[in-house]
Peer 1: 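Okay, handing you the structure first.
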Amino acid sequence: MNTPNDRQDGLATTRAHSARVYDYILGGKDHYPVDAEAGDAMARHWPALPVHMLENRRFMHRAARFLAEERGIRQFLDIGTGLPTSPNLHEIVQEVAPESNVVYVDNDPIVLAHARALLQSSPEGATAYVDANMHDPDAILDSPEFRELIDLSQPVGLMVIGIMHFILPPDDRRLIAKLLDPLPSGSYLAMTIGTADFAPEEVNQVAQEYRQQGMPFVLRELATATSLFDGLELQEPGVTQVHSWRPGPEQNGINGSDIAMYGAVAKKP
């Protein structure tokens, strides 16, 4: 996912970018040598990094399907979209309900270019792409795309996946609250939160690599991660490592020490 305060003007290729590092580690093609170098350095510190990143993505799939199938959510706001890797959010929810609307938000030109080219909605629903970042929630909430596709009289699924480790305190709570504030009762927040609770030495080395690449990075223990959902109603099973949240067959045999991300879904009362 994109680093929220790392606005690029044009397709900069001289330093690593988190969305492209993520793409490289997961075997994609939308990155540059500097991203590959950073990804290789991180994977040397923690060889489980690809497993961890894949499970973060799979959590998004399960959380989105849960909201669409079991909670009837038909409109979604996805913060920090990242580079399109199928299945994407709208593919998951429109498989359940083709009329679903999705607003994707990112601030990296490569991400936006690929999103506009590849993320095509079902005929019954709609997708839109907002060029903004989480540090400027007003730019998201006031955008024509958000106002056109999101009906604030109906619940919304707010997806904040793989981005909170780039948000330093105290901005984390303020920005989440700002994004949730206009959403009606019955809306949901699905969020993943980086942690070093399970492989502290290796994960802290990865975090240091991100910081050396100019990307702010913070890891949170379970109590702090859980507190980010204060005021909301956590859905079962609460805050867990992402591979343990409503797991499917793909999660069989995954070692908990290979996962450095908590995840949860919570309802706005």
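Heavy atoms only: backbone and side chains are in, while hydrogens, waters and symmetry mates are out. Heads up: numbering here begins at 1 and tracks the sequence.
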Peer 1: Taking the six-membered ring for Trp and the full ring for Phe, Tyr or His, determine whether the centres of F198 and Y262 are under 6.0 Å apart.
Peer 2: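 Ring centres of Y262 and F198 closer than 6.0 Å.
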
Peer 1: Between Y210 and F217, how do the two ring planes meet: parallel, tilted or perpendicular, split at 30° and 60°?
Peer 2: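 Rings of Y210 and F217: parallel, under 30°.
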
Peer 1: Hey, are the side chains of N107 and D131 touching, using non-hydrogen atoms and a 4.5 Å cut-off?
Peer 2: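 Side-chain contact under 4.5 Å: yes.
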
Peer 1: Considering all heavy atoms of both residues, which atom of E233 and which atom of P269 are nearest to each other, and what is their separation?
Peer 2: OE2-CB, 3.5 Å

Peer 1: Under 4.5 Å between side-chain heavy atoms, counting indirect links through other Ile/Leu/Val/Met/Phe/Trp/Tyr residues: same cluster for L222 and F229 or not?
Peer 2: yes

Peer 1: When rounded to the nearest 0.5 angstrom, what distance separates CG in L219 from OG1 in T224?
Peer 2: 11.0 Å

Peer 1: Any donor-acceptor pair under 3.5 Å linking the side chain of D35 with the backbone of Y32?
Peer 2: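 Pair found, side chain donor or acceptor close to backbone of Y32.
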
Peer 1: Spell out, as yes or no, whether a donor-acceptor pair under 3.5 Å connects the side chain of Q241 to the backbone of G256.
Peer 2: yes

Peer 1: Would the number of heavy atoms belonging to other residues, nucleotides or ligands and lying under 6.0 Å from NZ of K178 be above 12?
Peer 2: no

Peer 1: Under 3.5 Å, side chain of Q75 to main-chain N/O of P155, donor-acceptor pair present?
Peer 2: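 Here the side-chain-to-backbone pair exists.
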
Peer 1: Check the pair V160 / I176 against side chain to side chain contact (heavy atoms under 4.5 Å, CB included), numbers first and verdict last.
Peer 2: CA-CA 9 Å; V160 183; I176 293 168; 5.8 Å; no

Peer 1: Drop me the distance from S257's OG to D197's CG, to the nearest 0.5 angstrom.
Peer 2: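 So the OG of S257 and the CG of D197 are separated by 13.0 Å.
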
Peer 1: Parallel, tilted or perpendicular: which describes the rings of Y129 and Y104, with under 30° parallel and over 60° perpendicular?
Peer 2: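 If you compare the ring of Y129 with that of Y104, the planes turn out parallel.
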
Peer 1: Looking at side-chain heavy atoms only, is the closest gap between I73 and V156 below 4.5 Å?
Peer 2: no

Peer 1: Please tell me whether I161 and V96 are part of a single hydrophobic cluster in this structure, the criterion being side-chain heavy atoms less than 4.5 Å apart.
Peer 2: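 No; V96 is not reachable from I161 via cluster members.
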
Peer 1: Judged by atom type as modelled, is there a donor-acceptor pair below 3.5 Å linking the side chain of H52 to the main-chain atoms of A260?
Peer 2: yes

Peer 1: So, the side chain of E95 versus the backbone of I92: is there a donor-acceptor pair under 3.5 Å, distance only?
Peer 2: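 Not at all, since once roles are kept as given, no pair shorter than 3.5 Å links the two residues.
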
Peer 1: If you count the non-hydrogen atoms of other residues, nucleotides and ligands that lie under 6.0 Å from CD in E148, is the total more than 12?
Peer 2: no

Peer 1: Could you tell me whether the side chain of K268 and the main chain of D181 form a donor-acceptor pair under 3.5 Å?
Peer 2: yes

Peer 1: So which atom in L149 and which in N101 form the shortest heavy-atom distance, rounded to 0.1 Å?
Peer 2: O-ND2, 3.2 Å

Peer 1: Check G80 against D106 and note the closest heavy-atom contact, atom names and distance.
Peer 2: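 Heavy atoms only, the tightest pair is C-OD2, 3.5 Å.
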
Peer 1: With a 3.5 Å distance limit and no angle check, can you tell me whether S187 reaches the backbone of G157 through a side-chain donor-acceptor pair?
Peer 2: no

Peer 1: Test N56 against every option in T192, I259, V51 by the side-chain contact (heavy atoms from CB on, under 4.5 Å) rule and name the one that passes.
Peer 2: T192

Peer 1: Which atoms form the tightest heavy-atom contact between W245 and E236, and what is the distance?
Peer 2: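 Heavy atoms only, the tightest pair is NE1-O, 4.1 Å.
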
Peer 1: Is the shortest heavy-atom distance from the side chain of M261 to the side chain of M164 under 4.5 Å?
Peer 2: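 Heavy-atom side-chain distance check fails, nothing below 4.5 Å.
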
Peer 1: Between CG of L89 and CD of Q94, what distance do you get to the nearest 0.5 Å?
Peer 2: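 Here the rounded value is 9.0 Å.
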
Peer 1: So which heavy atom on V105 is nearest to which on A132, and how close?
Peer 2: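 Nearest pair, atom of V105 first, then A132: CG1-O, 3.5 Å.
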
Peer 1: Quick one: do D171 and R174 make a salt bridge, cutoff under 4.0 Å?
Peer 2: yes

Peer 1: Would V102 and N88 satisfy side chain to side chain contact (heavy atoms under 4.5 Å, CB included), going step by step from the backbone distance to the final call?
Peer 2: CA-CA 10 Å; V102 176; N88 292 284; over 6 Å; no

Peer 1: So how far is it from D40 CG to Y24 OH, rounded to the nearest 0.5 Å?
Peer 2: 3.0 Å

Peer 1: Could you check whether any side-chain N or O of R62 sits under 3.5 Å from a backbone N or O of R246, counting only pairs where one atom can act as donor and the other as acceptor?
Peer 2: yes

Peer 1: Pair R220, S227 - check side chain to side chain donor-acceptor pair (under 3.5 Å), show working.
Peer 2: CA-CA 10 Å; R220 296 169 173 91; S227 73; over 6 Å; no

Peer 1: Let me see the working for E250 and H61 under side chain to side chain contact (heavy atoms under 4.5 Å, CB included), right down to the final yes or no.
Peer 2: CA-CA 12 Å; E250 293 174 319; H61 296 163; over 6 Å; no

Peer 1: Measure the CD1-CG distance between I163 and D172 for me, rounded to the nearest 0.5 Å.
Peer 2: 12.5 Å

Peer 1: Over all heavy atoms of both residues, which pair between A190 and V265 is shortest? Give the atoms and the distance, please.
Peer 2: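 So the two residues come closest at CB-CG2, 3.9 Å.
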
Peer 1: If you group Ile, Leu, Val, Met, Phe, Trp and Tyr by side-chain heavy-atom gaps below 4.5 Å, do L234 and L228 land in one group?
Peer 2: yes

Peer 1: Do the side chains of I193 and V218 join up, straight or via other hydrophobic residues, at under 4.5 Å, putting them in one cluster?
Peer 2: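 Each belongs to a different hydrophobic cluster.
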
Peer 1: If I take atom CD from residue E202 and atom CG from residue L49, how far apart are they, to the nearest 0.5 angstrom?
Peer 2: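 That separation rounds to 11.5 Å.
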
Peer 1: Flag yes if L168 and I79 sit in one hydrophobic cluster, no otherwise; membership is Ile, Leu, Val, Met, Phe, Trp, Tyr, and two members link when side-chain heavy atoms are under 4.5 Å apart.
Peer 2: no

Peer 1: Where the side chain of Q205 meets the backbone of W46, is there a donor-acceptor pair that is under 3.5 Å apart?
Peer 2: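 No, the answer is negative, given that no donor and acceptor are paired below the 3.5 Å cut-off.
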
Peer 1: Can F66 and Q235 be said to form a side chain to side chain contact (heavy atoms under 4.5 Å, CB included), step by step?
Peer 2: CA-CA 10 Å; F66 165 74; Q235 306 297 290; 4.2 Å; yes

